[in-house]
Amino acid sequence: MEQAIKHVAIIMDGNGRWATQRYRPRVWGHVRGSGVVSDIVQAADDMGVRALTMYAFSTENWSRPHEEVGVLFRLLHKFLLKERRRILSNAISFRVIGDTRRLPAETRAVIADLEARTMEAPGLKLTFCFGYGGRSEIVAAANRFHEANPGMEMTEGDLAAQLFRPDAGEVDLLIRTGGEQRVSNFLLWQIAYAELYFTPTKWPDFTAGEFGKILNAVARRERRFGGLAPLGMSAPSAGEAQSMNV
Ligand code: FPP
């Protein structure tokens with residue numbers, strides 16, 4: 001059966017608390033968490049999701065201790081080397097969006113190579129957000145539009161076309177692990193009509209099994225996009241509206 005949820009976005013939260021609860025340094029949570037990233041990419045692909053966007057490092061994360069930022073950089077590098085073959089053999093289309101200028105040159109080179117080699121790949125659109133913020137993505141999109149079309153009025157479609165990865169489309173489901181209930185400047189434009197799912201599970205404990213259960217639960221939710229349900233309570237007739245004085 002076709003997967004109803006086409007684009008899933010994930011805020012992978014709770015690594016630090018997971019480690020602290022185990023009397024380990026916070027970065028241990030990131031190490032364990034990076035293994036979970038591989039499991040969830042595979043699960044999304046197996047379950048027929050078309051796009052998966054993961055928040056690996058926000059613009060706010062630059063304020064973390066230097067060592068923690070360094071560990072996150074190294075984990076990203078190791079992930080790319082470890083998963084490169086699987087990304088290629090599963091025809092995954094891989095992109096990193098955000099400000100990657102502060103990443104080490106060798107990591108940027110691995111990213112550029114993988115992006116170029118998977119540019120036309122027809123499979124899962126996998127996006128890592130690194131040095132990413134939703135507001136700056138929208139501002140950059142507006143600036144790009146105005147540079148190309150000076151003085152022209154912009155439509156919603158024009159702006160959407162200038163986002164970092166327009167082909168991933170709108171988000172159907174945003175999952176946040178770790179128990180907080182915030183969107184934290186993630187994909188602000190793309191989540192306008194997304195279903196939100198907050199799980200208390202901290203990212204290192206998140207599994208493909210829980211991911212699948214969330215997808216099934218959310219696929220049963222009714223999405224109305226601001227309209228009315230196809231069945232159930234119908235709109236009032238003109239006469240009914242008049243008798244209600246509205
Ligand atoms: C939030 O945990 C998570 C992050 C800041 C980054 C997510 C990174 C990974 C899952 C590992 C890196 C892997 C790859 C492949 C890039 P937190 O430290 O904010 O948790 P806390 O809220 O418990 O402090």
Side-chain angles (χ1 to χ4, degrees), residues 8-45 52-88 90 92 94-104 106-115 118 124-134 164-165 174-187 197-208 210-211:
V8 181
I10 308 186
I11 301 177
M12 307 179 278
D13 197 17
N15 293 347
R17 279 167 288 154
W18 183 90
T20 308
Q21 278 171 352
R22 286 159 180 79
Y23 308 103
R24 302 292 296 263
R26 287 177 48 81
V27 293
W28 176 240
H30 297 319
V31 173
R32 292 296 288 262
S34 65
V36 178
V37 176
S38 310
D39 297 345
I40 300 306
V41 171
Q42 187 65 52
D45 205 12
L52 176 66
T53 307
M54 311 186 91
Y55 212 174
F57 194 88
S58 70
T59 41
E60 291 73 24
N61 289 153
W62 286 117
S63 64
R64 295 202 172 191
H66 191 65
E67 302 72 50
E68 185 170 339
V69 172
V71 168
L72 286 167
F73 283 3
R74 286 196 291 282
L75 286 173
L76 174 65
H77 194 91
K78 279 177 82 171
F79 176 90
L80 297 173
L81 296 184
K82 185 167 96 72
E83 296 295 322
R84 194 159 44 180
R85 191 174 305 161
R86 195 148 59 115
I87 288 174
L88 292 168
N90 289 355
I92 290 175
F94 179 74
R95 293 276 299 278
V96 176
I97 62 170
D99 184 358
T100 54
R101 284 173 301 183
R102 283 155 79 178
L103 279 172
E106 63 267 28
T107 307
R108 279 187 278 128
V110 177
I111 293 170
D113 175 62
L114 203 49
E115 286 184 341
T118 65
L124 176 74
K125 295 178 199 308
L126 173 63
T127 310
F128 277 6
C129 302
F130 213 92
Y132 173 88
F164 291 145
R165 187 157 198 193
L174 169 66
I175 300 173
R176 181 177 187 138
T177 63
E180 308 288 353
Q181 304 199 357
R182 292 190 284 275
V183 296
S184 298
N185 200 18
F186 190 39
L187 302 175
Y197 196 102
F198 301 103
T199 169
T201 307
K202 296 180 183 66
W203 181 253
D205 283 334
F206 194 65
T207 59
E210 182 170 0
F211 181 72

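The shown structure was predicted, so the numbers you read here are calculated from the model rather than taken from an experiment. Atoms within each ligand, like the ligands themselves, are counted from 1 in listed order.
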Could you go through ligand 1 and list every pair where one of its N or O atoms sits under 3.5 Å from a protein N or O, giving the atom names and the distance to one decimal?
from	atom 1	to	atom 2	distance (Å)
ligand 1	2 (O)	Asn15	N	3.4
ligand 1	18 (O)	Gly16	N	3.4
ligand 1	18 (O)	Arg26	NH2	2.7
ligand 1	18 (O)	Arg64	NH1	2.9
ligand 1	19 (O)	Asp13	OD1	3.3
ligand 1	19 (O)	Arg64	NH1	3.4
ligand 1	19 (O)	Arg64	NH2	2.7
ligand 1	20 (O)	Asp13	OD1	3.4
ligand 1	20 (O)	Gly14	N	3.3
ligand 1	20 (O)	Asn15	N	3.2
ligand 1	20 (O)	Gly16	N	3.1
ligand 1	22 (O)	Asp13	OD1	2.9
ligand 1	22 (O)	Arg17	NE	3.3
ligand 1	22 (O)	Arg17	NH2	3.1
ligand 1	23 (O)	Gly16	N	3.3
ligand 1	23 (O)	Arg17	N	2.7
ligand 1	23 (O)	Arg17	NE	2.8
ligand 1	24 (O)	Arg26	NH1	2.9
ligand 1	24 (O)	Arg26	NH2	3.3

Does the side chain of Ile11 reach to within under 4.5 Å of the side chain of Ile175, using non-hydrogen atoms? no
Only counting residues at least two apart or in another chain, list the ones meeting side chain to side chain contact (heavy atoms under 4.5 Å, CB included) with Val69. Phe57, Trp62, Arg64, Phe73
Indicate whether the side chain of Arg108 and that of Thr100 have a donor and an acceptor atom separated by less than 3.5 Å. no
So which pairs with a foot in residues 73-83 pass side chain to side chain donor-acceptor pair (under 3.5 Å), sequence neighbours left out? Ser38-Lys82, Ser38-Glu83, His77-Thr107, Glu83-Arg86
Beyond-backbone contact of Thr207 with Asp39, side-chain heavy atoms, under 4.5 angstrom: no
Return the set of residues passing side chain to side chain contact (heavy atoms under 4.5 Å, CB included) with Arg32 (not counting sequence neighbours), or none when no residue passes. Trp18, Trp28, Pro204
